[in-house]
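We number each residue from 1, following the sequence as shown.
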Amino acid sequence: MNLREEFDMKRTMITVVAASAAAMTLLAGCGGSGSTATGSDGSLETVKYALQQDPGVLNPLTNATGDGVQLATFAYESLLSSPAGKASTGNIAKEWKATTTEATFTLKDDVLCSDGTRLTPSDVKATFDYVVNKAPDSQYNGVYVPDGVQVTADDKANTVSFKVDQPSSFLAEAVGSLPIVCPAGLKNPKDMDTKTFGTGPYQLKEMKAGQSYTYERNDKYESGLPDGTKITDLPKTIEASVVTDQSTEANMLGSGDLNLVKLTGSSQDRVDTSTYKAVRGGAMPMTAFFNQNSSRATGDRKVREAIATALDRTKLAAAITGGKGEVMKTILPGGSSICSSMDSSSAMPKFSEKKAKAMLDEDGWKEGSDGVRAKDGKKLTVKVLYNSTAGAEVAAGVELMQKELKSIGVDAQLTPSDSYTDVIFSGGDWDITVAGISASDPAQWYGILSGPEVPDGGNWTYNEDQDYFTLADAAGEKVGEDSCPAWQKAEDQLMKNVTLLPIGQSYDMYYANGFTIKTDATGNILPTTFKKA
């Protein structure tokens, strides 16, 4: 069985990112009046952070919501850490080795649970056993916990090993990302909903469901501290309050009720960056996907190529991100810790309205009196599906796309939907989907773009590009970063086949008062990186 078969129907690997609309009024009173997290002795005291949704239960193995994952990073660690834009580093693990089917991690000697007990390889194994046997609905099954994975622990050697039947270039990175729970939490799993049982630098002190979550520093923690950092350099307390409106967040930053917020889109215009330290968070990529079903106009590669050639990605990226983003060079999101140097720009169709028209002429599409091309009595009409809840910027982007396609004789009918994923996974009526669908490594993209077609499988683009499959299978035989050049060739083939067209990505931005932070590859705060400004 090849890598394509391994990933059939794994929709859980898709992360859907929707940029939210934000108010445009300017922030009042943000000229330095807000409080900082620094105490009178210069130490970091209390970080007051805004959650944008109530995470509900705190079980780190069943709650994969954005804010749920962020809270989990304060109290729980995984085998590996993935800093934004950098290769994975050891977290609980001090060293590791991997092939495409096996990975072995040696744990650090000083990893302590918040209750003071030492974490063992058997404890790591128990976390994986819990997800497989007690939490089958966990979104981490099939992602951080590969199907059929065999986990063995050797407490004497201080190692934990993983074995899978199906090859994976990034096996170590996958299993190395699962939050590890200490024995006390697994003993009574229901307790994990309201308490923390981790190895991280913080533990939950108080929970007011729907309102706030207060974490206190674990002064016995030392295993994951960066070189030169002492545990007392980190804030004593993190108060995470639920603030669902970004306008309110910005106002609370200015008044001092918060000293750390995460804002998207035009809300970022409301913060004075000369006062607050700005740090880039997670990427929000927007990509055009093409329906390659032979019954669709876009089933014709020449039509897809002409459409892609007619799209000015520079202008589209500016529109679809509200001027806050950048043109995408790869299908991997910005800040990725895997294959971060990938760049498929040279394989993407170059913008030329004149060339796009010539392509359609050559393919037999003749312009009618109404300006719309037709062939064999059928007009060149394409339905452009997009997320209706993604905000004004995305709507502006697809409207510009419609205008650019009209200029070459393509009738682009915009089809907004608040359940567009249901449309694509049911084999519904669409030709181009513009969406924030992303994956953290190229092997996961292989799963999304291959296998049985919908509705029988998860291949919703109807991609049948055998050249891509061959290249991806070859890449899947290589391990880790050594596989990236091979995955680059496979990604370039996606561009040549016009299976998709990356457009633009914007970023969440964190704003802090009196300190700085660093983030991981998905944009979450790395709690050991708080540093006084």
Asks: Would you find a donor on one side and an acceptor on the other, under 3.5 Å apart, between the side chain of S450 and the backbone of Y446?
Replies: yes
Asks: Between W430 and Y420, is the gap from one ring center to the other below 6.0 Å?
Replies: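 Between W430 and Y420, the centre distance exceeds or equals 6.0 Å.
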Asks: Is there a side-chain contact between P442 and I338, using heavy atoms and a 4.5 Å cut-off?
Replies: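 Contact flag for P442/I338 side chains = yes.
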Asks: Let me know which of K489, E491, K329 forms a side chain to side chain donor-acceptor pair (under 3.5 Å) with S344.
Replies: E491
Asks: Hey, is the main chain of G504 close enough, under 3.5 Å, to the side chain of R313 for a donor-acceptor pair?
Replies: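 Absent.
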Asks: Determine whether a donor-acceptor pair (N or O, by modelled atom type, separation under 3.5 Å) exists between the side chain of S483 and the backbone of G480.
Replies: yes
Asks: Among L501, V434, T298, L500, which one satisfies side chain to side chain contact (heavy atoms under 4.5 Å, CB included) with F289?
Replies: L500
Asks: Report yes if the side chains of P452 and N459 come closer than 4.5 Å at any heavy-atom pair, otherwise no.
Replies: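 They are not in side-chain contact.
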Asks: Apply the test side chain to side chain contact (heavy atoms under 4.5 Å, CB included) to residues L61 and T127: give CA-CA distance (whole Å), side-chain angles for both, the deciding distance (0.1 Å), then the verdict.
Replies: CA-CA 9 Å; L61 302 175; T127 296; 3.8 Å; yes
Asks: Taking NZ, NE, NH1 and NH2 as the nitrogens, is one of them in D465 or K496 under 4.0 Å from a carboxylate oxygen of the other?
Replies: no
Asks: Does N497 form a side chain to side chain donor-acceptor pair (under 3.5 Å) with T499? I'd like the steps, not just the answer.
Replies: CA-CA 5 Å; N497 186 58; T499 300; 2.8 Å; yes
Asks: Just jot down the side-chain hydrogen bond (donor to acceptor under 3.5 Å, both in side chains) partners of Q505, sequence neighbours excluded, or say none.
Replies: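 Only E326, Y507 meet the side-chain hydrogen bond (donor to acceptor under 3.5 Å, both in side chains) criterion with Q505.
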Asks: May I ask you to check whether T65 and D67 show a side-chain donor-acceptor distance below 3.5 Å?
Replies: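 No.
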Asks: Side chains of T264 and D508: is there a donor and an acceptor less than 3.5 Å apart?
Replies: no
Asks: Any ion pair linking K379 and D370 (charged N to carboxylate O, less than 4.0 Å)?
Replies: yes
Asks: Give a yes or no on whether a salt bridge exists between E353 and K357, defined as a side-chain N under 4.0 angstrom from a carboxylate O.
Replies: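 Here E353 pairs with K357 in a salt bridge, since their nearest N and O are under 4.0 Å apart.
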Asks: Is a side-chain donor or acceptor of S426 paired with a backbone partner of D422 at a separation under 3.5 angstrom?
Replies: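 The answer is yes, because a donor-acceptor pair under 3.5 Å joins these two groups.
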Asks: Please confirm whether the backbone N or O of A135 pairs with a side-chain atom of N141, one donor and one acceptor, at under 3.5 Å?
Replies: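 Yes; judged by distance alone, with no hydrogens or angles, the pair exists.
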Asks: Please step through side chain to side chain contact (heavy atoms under 4.5 Å, CB included) for the pair Q402 and K406, ending with a clear verdict.
Replies: CA-CA 6 Å; Q402 181 184 45; K406 182 179 180 179; 5.8 Å; no
Asks: Report the C-alpha separation of F290 and V498 in whole Å, then their side-chain angles, then the decisive distance to 0.1 Å, and conclude whether the side chain to side chain contact (heavy atoms under 4.5 Å, CB included) test is met.
Replies: CA-CA 7 Å; F290 292 86; V498 201; 3.8 Å; yes
Asks: With under 30° as parallel and over 60° as perpendicular, where do the rings of Y49 and F74 fit, or are they tilted in between?
Replies: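 Judged by the thresholds at 30° and 60°, the geometry between Y49 and F74 is perpendicular.
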Asks: Should T516 and F530 count as side-chain neighbours, where that means a heavy-atom distance under 4.5 Å?
Replies: no
Asks: What verdict does the side chain to side chain donor-acceptor pair (under 3.5 Å) test give for S295 and N293, after you've listed the backbone C-alpha separation in whole Å, the side-chain angles of each residue and the deciding distance to 0.1 Å?
Replies: CA-CA 5 Å; S295 67; N293 190 316; 3.0 Å; yes
Asks: Okay, side chain of E393, backbone of T321: is any donor-acceptor separation there less than 3.5 Å?
Replies: no
Asks: Quick check, are the ring centers of F162 and F105 under 6.0 angstrom apart?
Replies: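 Centroid separation for F162 and F105: below 6.0 Å.
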Asks: Is the backbone N or O of V384 less than 3.5 Å from a side-chain atom of Q413, with the two atoms forming a donor-acceptor pair by type?
Replies: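 Side chain of Q413 to backbone of V384, a donor-acceptor pair under 3.5 Å: no, none is there.
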Asks: Pairing donors with acceptors under 3.5 angstrom, does anything connect the side chains of T106 and W96?
Replies: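 Judged by distance alone, the side chains do not pair up.
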Asks: Does T529 use its side chain to pair, donor to acceptor, with the backbone of K518 at less than 3.5 Å?
Replies: yes
Asks: Sub-3.5 Å donor-acceptor pair from the side chain of K375 to the main-chain atoms of D363, do we have one?
Replies: yes
Asks: Does S340 use its side chain to pair, donor to acceptor, with the backbone of S337 at less than 3.5 Å?
Replies: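 Not a single qualifying donor-acceptor pair exists.
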Asks: Hey, is R296 close enough to D429 for a salt bridge, meaning N to O under 4.0 Å?
Replies: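 Salt bridge: yes.
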Asks: Check the pair V303, L380 against side chain to side chain contact (heavy atoms under 4.5 Å, CB included), reporting the backbone distance first and the verdict last.
Replies: CA-CA 9 Å; V303 170; L380 186 48; 4.1 Å; yes
